[in-house]
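One-based numbering along the sequence shown. Because the structure is a prediction, the values reported are computed rather than measured.
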Amino acid sequence: MQTKYIFVTGGVVSSLGKGIISSSLARLLLSRGYSVTIQKFDPYINIDPGTLNPYEHGECYVTVDGHEADLDLGHYERFTNIQTTKANNVTTGRIYKDVIEKERRGDYLGKTVQIVPHITDEIKRNVKKLGEEGKYDFVITEIGGTVGDIESTPYLEAVRQLKWEMGMNALFIHLTYVPYIRAAKELKTKPTQHSVKMLQQTGIQPDILVLRTEKELPPAMCRKVAQFCNVQPEAVIQSIDARSIYEVPLMMLSQGLDTIVLDKMQVAGRKDADLKEWNTFLDKLHNAEKEVTIALVGKYVELQDAYKSISESLSHAAAWSDHKLNLVYVHSEKLSDSNVEEKLKDMDGVIIAPGFGKRGIEGKLVALKWCREHNVPTFGICLGMQCMVIEFARNVLGFEGADSVEMNPETPYPVIDLMEEQKEISQMGGTMRLGAYDCRLKPESKAAKAYGKTQVKERHRHRYEFNEKYRSDFEKGGMECVGINPDTKLVEVVEVPTKRWYVGTQYHPEYQSTVLRPNPLFMSFINAAIAYSEEKK
């Protein structure tokens with residue numbers, strides 16, 4: 001069938017969950033046998049979020065082809081099991097960069113370059129790019145920001161034009177907010193009405209409204225919203241606060257969101273939605289009676305979106321292992337020899353988080369020393385793995401002052417060094433080792449047993465690496481290099497085989513963990529933590 005385009009916009013306030021609604025609709029359409037992809041348009045001028053501080057933008061997600069992307073792409077992949085690429089996340093910075101490069105080449109034949117039509121045409125080209133591949137029945141496009149933002153205006157104009165060009169092959173879903181005023185004990189629809197009117201002023205009439213709300217809306221209120229917003233009553237959908245984001249597909253299914261979309265786009269339904277496996281996951285997530293307690297040690301713990309993919313990967317693995325996850329965030333800057341026992345003694349497992357820069361490093365090293373000496377299941381990811389190497393060098397190998405050259409360029413033992421191809425690079429954005437790379441695992445290692453194979457491919461985001469010069473020292477001392485890139489010979493995985501589970505990965509396995517296909521390393525780590533928990537009883 002001809003590709004259908006669904007545009008998801010937002011109003012009133014940000015952070016309502018456009019990404020979750022987009023992902024939930026994708027899950028429903030996939031369960032009915034359609035091929036679907038999702039893309040996100042971000043209105044900021046950065047080329048990508050790779051240089052943004054997590055406090056600004058939360059986690060930076062990495063696609064399989066090495067693009068640094070918005071964290072919503074993580075939701076897309078976790079809900080759909082479909083890998084995203086650079087084409088699935090476009091920013092205003094990239095749009096303007098491409099237009100300016102075309103102007104410099106003379107592509108516009110001397111014409112004055114303007115927002116309309118040149119910027120809007122470039123946006124339209126990126127919207128249609130995924131559909132033109134012929135692989136997808138539906139392309140869902142999430143427009144970042146809220147209606148009324150100056151930054152979002154070119155996107156709204158572009159998709160307005162697309163709707164005019166595509167007719168029944170394009171559809172608009174508008175997500176808005178119905179606040180509950182506690183003092184008056186009333187739900188208020190006026191913000192939604194204003195939001196829709198602002199959208200209509202851009203020339204866009206929403207086909208479906210999704211109302212984000214804390215309390216269930218009475219039918220009369222939904223009819224009122226439909227009447228004021230020129231939307232059919234059955235196309236007004238509620239999105240009430242749920243226990244888990246993974247319940248939202250079921251909520252949307254119960255109100256027929258997928259059916260309404262198919263009807264409005266005149267698509268014959270192939271089959272009913274099949275969410276059997278999804279329901280199995282939710283049943284385990286909500287009904288597990290046992291608990292596993294994991295500490296996440298990092299410097300951004302007050303901003304939990306900074307570790308979104310890790311926390312979700314742990315949640316998936318715990319649920320499929322019939323346990324509830326109790327995730328305890330431990331601030332690495334506040335961790336010291338005097339309080340580490342108190343902070344970590346009740347943990348069944350510890351994750352040492354990734355990151356960049358010197359802040360909080362000493363706390364991570366304190367945590368690792370305590371975990372290693374007390375034989376607690378421990379998982380180091382990226383910088384967490386590098387800290388495993390540094391701590392082991394200092395406290396087991398006796399390399400006093402061992403460090404990463406990122407933290408101390410003058411260290412006498414640079415056990416973590418800048419990658420050779422990074423040494424001539426001066427720009428920050430998009431210049432790290434990014435994307436999926438092969439890794440060959442040592443047979444009988446914990447990592448190989450977890451994956452059930454010795455050849456894997458995982459995603460990276462780093463500049464520094466294990467220094468091959470010290471490899472023999474580490475292996476003689478008891479830390480084995482069990483994962484190697486077959487092309488570059490870079491060390492990707494280290495572990496201490498004499499410990500219960502003490503594994504570090506230079507790559508980010510959390511980027512390839514989904515609801516229905518949790519990453520094997522997270523499953524192995526959680527199972528080791530569960531076994532340790534039982535052992536302690």
Side-chain angles (χ1 to χ4, degrees), residues 1 3-11 16-40 72 75-76 78-80 82 136-143 159 163 168-178 189 192 195-196 199 204-214 216-219 221-223 225-226 229-276 278-279 282 515:
M1 76 182 207
T3 302
K4 309 291 183 181
Y5 293 85
I6 299 168
F7 302 105
V8 181
T9 58
L16 288 180
K18 292 192 299 295
I20 301 302
I21 293 297
S22 300
S23 301
S24 298
L25 176 58
R27 180 74 259 162
L28 294 179
L29 292 171
L30 285 165
S31 74
R32 296 183 72 142
Y34 297 102
S35 55
V36 187
T37 191
I38 319 177
Q39 61 183 174
K40 171 83 179 284
D72 271 322
H75 290 311
Y76 301 166
R78 286 188 284 273
F79 274 69
T80 67
I82 296 169
Y136 303 109
D137 297 321
F138 291 92
V139 175
I140 300 173
T141 303
E142 177 190 346
I143 308 297
V159 298
K163 171 64 175 173
M168 297 302 299
N169 290 326
L171 176 141
F172 282 97
I173 297 175
H174 189 54
L175 176 64
T176 183
Y177 182 49
V178 178
T189 63
T192 289
S195 173
V196 172
L199 191 61
I204 296 171
Q205 169 60 49
D207 299 285
I208 298 170
L209 288 179
V210 178
L211 307 182
R212 190 80 170 78
T213 175
E214 298 172 48
E216 188 170 351
L217 307 178
M221 185 169 284
C222 291
R223 288 194 296 272
V225 169
C229 298
N230 295 338
V231 174
Q232 292 173 321
E234 63 271 20
V236 177
I237 306 290
Q238 299 186 46
S239 179
I240 305 168
D241 287 356
R243 286 182 294 173
S244 163
I245 58 173
Y246 302 119
E247 288 185 3
V248 179
L250 300 182
M251 195 186 300
M252 296 299 104
L253 177 66
S254 69
Q255 297 175 79
L257 176 61
D258 53 329
T259 302
I260 295 166
V261 167
L262 295 175
D263 288 346
K264 285 186 174 294
M265 304 192 89
Q266 298 181 357
V267 178
R270 290 187 186 171
K271 62 176 185 177
D272 291 336
D274 179 8
L275 294 175
K276 184 179 178 182
W278 195 269
N279 279 315
L282 281 176
V515 171

Review point. Asp207: what forms a salt bridge (Lys or Arg N to Asp or Glu O under 4.0 Å) with it, not counting sequence neighbours?
Key: none
Looking at every heavy atom in both [X] and [Y], which two are closest together, and how far apart are they?
X	Y	answer
Leu16	Gly11	CD1-O, 3.4 Å
Gln205	Phe172	O-CB, 4.2 Å
Ala235	Lys264	CB-CE, 3.9 Å
Ala242	Met251	CB-CE, 3.7 Å

Taking atom [atom1] of [X] and atom [atom2] of [Y], what is their separation to the nearest 0.5 Å?
X	Y	atom1	atom2	value
Thr259	Leu28	OG1	CG	9.0 Å
Glu234	Ile260	CD	CD1	6.5 Å
Leu217	Arg223	CG	CZ	12.0 Å
Ile140	Leu29	CD1	CG	5.5 Å
Arg212	Thr176	CZ	OG1	11.5 Å
Leu199	His174	CG	NE2	5.0 Å

**Study point:** Derivation of the side-chain contact (heavy atoms from CB on, under 4.5 Å) call for Phe138 and Met265
**Key:** CA-CA 11 Å; Phe138 291 92; Met265 304 192 89; 4.0 Å; yes
**Study point:** Arg32 and Asp274 ion-paired at < 4.0 Å
**Key:** no
Check your understanding: Does atom CG of Asp272 have more than 12 heavy-atom neighbours from other groups under 6.0 Å away?
Key -> no
[X] side chain to [Y] backbone, donor-acceptor under 3.5 Å:
X	Y	result
Thr3	Tyr136	yes
Gln266	Met168	no
Arg27	Pro249	no
Gln255	Gln238	yes
Lys40	Glu142	no
Glu247	Asp241	no
Thr141	Gln39	no
Trp278	Tyr246	yes

Side chains of residues 19-26: which donor-acceptor pairs under 3.5 Å do they make with residues two or more places apart or in other chains?
| from | atom 1 | to | atom 2 | distance (Å) |
| --- | --- | --- | --- | --- |
| Ser22 | OG | Lys18 | O | 2.8 |
| Ser23 | OG | Gly19 | O | 2.7 |
| Ser24 | OG | Ile20 | O | 2.7 |

Review point. Going through the distances and angles, do Ile82 and Leu30 end up as a side-chain contact (heavy atoms from CB on, under 4.5 Å)?
Key: CA-CA 10 Å; Ile82 296 169; Leu30 285 165; 3.9 Å; yes
Practice item. Please name all residues satisfying ring-ring contact (aromatic ring centres under 6.0 Å, His included) with Tyr177, sequence neighbours left out, ordered by chain then number. Key: none
Exercise for review: Classify the ring geometry between His75 and Phe79 as parallel (under 30°), tilted (30 to 60°) or perpendicular (over 60°).
Suggested key: perpendicular
Check your understanding: Name the one of Val236, Leu211, Thr213 that satisfies side chain to side chain contact (heavy atoms under 4.5 Å, CB included) with Thr192?
Key -> Leu211
4.5 Å side-chain heavy-atom contact, [X] and [Y]:
X	Y	answer
Val210	Val8	no
Met252	Ile237	yes
Val36	Thr80	no
Pro206	Val196	yes

**Study point:** Steps toward side-chain contact (heavy atoms from CB on, under 4.5 Å) verdict (Lys4, Leu171)
**Key:** CA-CA 8 Å; Lys4 309 291 183 181; Leu171 176 141; over 6 Å; no
